[in-house]
Amino acid sequence: MTIISRDKALELLEENLGNRNLIRHCLAAEAVMRALAEDRGEDADLWGITGLLHDLDYEKTVDDHKNHGLVSAGMLEGLLPQESITAIESHNYENNGVERVSDIDYLLAAGESITGLIVAVALVYPDKILQPVKLKSVLKRMNMSAFARSVPRETIRDCSKAGYELDEFVRLSLEAMKGIASEIGL
Ligand SMILES: [Fe+2]
């Protein structure tokens with residue numbers, strides 16, 4: 001199948017998400033998924049677009065968490081292969097019950113979650129930028145459950161189910177986000 005182009009995916013995102021920070025979150029998830037795909041020899045364009053579109057229905061389902069991911073799946077039918085659609089659905093397993101099975105499922109859920117922690121760590125620094133953020137600082141904050149409390153640590157730790165040590169997973173994610181820092185306002 002022909003997958004949706006990045007330009008079209010961005011257009012779709014702009015049409016559906018009014019909140020600039022949410023679009024930045026999607027761009028961060030894209031960068032992390034691309035980096036993970038490259039690391040593993042997977043299709044970086046496909047994994048990137050999966051990350052970019054994972055929260056497409058966020059504003060449509062903001063008061064309807066059990067359908068977050070499922071509405072996106074309907075919107076993306078025919079535009080992405082099933083493996084991507086399942087990953088997008090299952091990133092919200094906790095609310096919609098779609099189980100994570102494949103590596104891309106675990107890595108999308110872990111990858112989009114780690115972006116939240118990394119942003120929160122960057123905001124601790126006086127200049128609120130990513131560049132000085134060290135791997136060690138992110139790992140330390142992983143263990144501080146009171147810090148960025150809404151970031152699900154278990155979901156991040158599940159990167160192990162796709163074969164990653166936590167520190168390597170965080171290292172790849174942090175580097176990927178630093179690579180697009182200006183695009184995400186950090
Ligand atoms: Fe997300």
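Ligands are counted one by one from 1 in listed order, and the atoms in each one are counted from 1 as well.
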Asp158 and Lys161 ion-paired at < 4.0 Å: yes

Glu165 atom CD, neighbour heavy-atom count above 12 within 6.0 Å: no

Short N/O/S contact of His91 with the Fe ion (ligand 1) (below 2.8 Å): no

Heavy-atom closest pair, residues Leu186 and Lys128: CD2-O, 3.7 Å

SB check Glu30 Arg34 (cutoff 4.0 Å): no

The Fe ion (ligand 1) - name of the N/O/S atom of Glu112 that sits closest to it: OE1

Atom name in Asp55, limited to N/O/S, at shortest distance from the Fe ion (ligand 1): OD2

The Fe ion (ligand 1) to nearest N/O/S of His54 less than 2.8 Å: yes

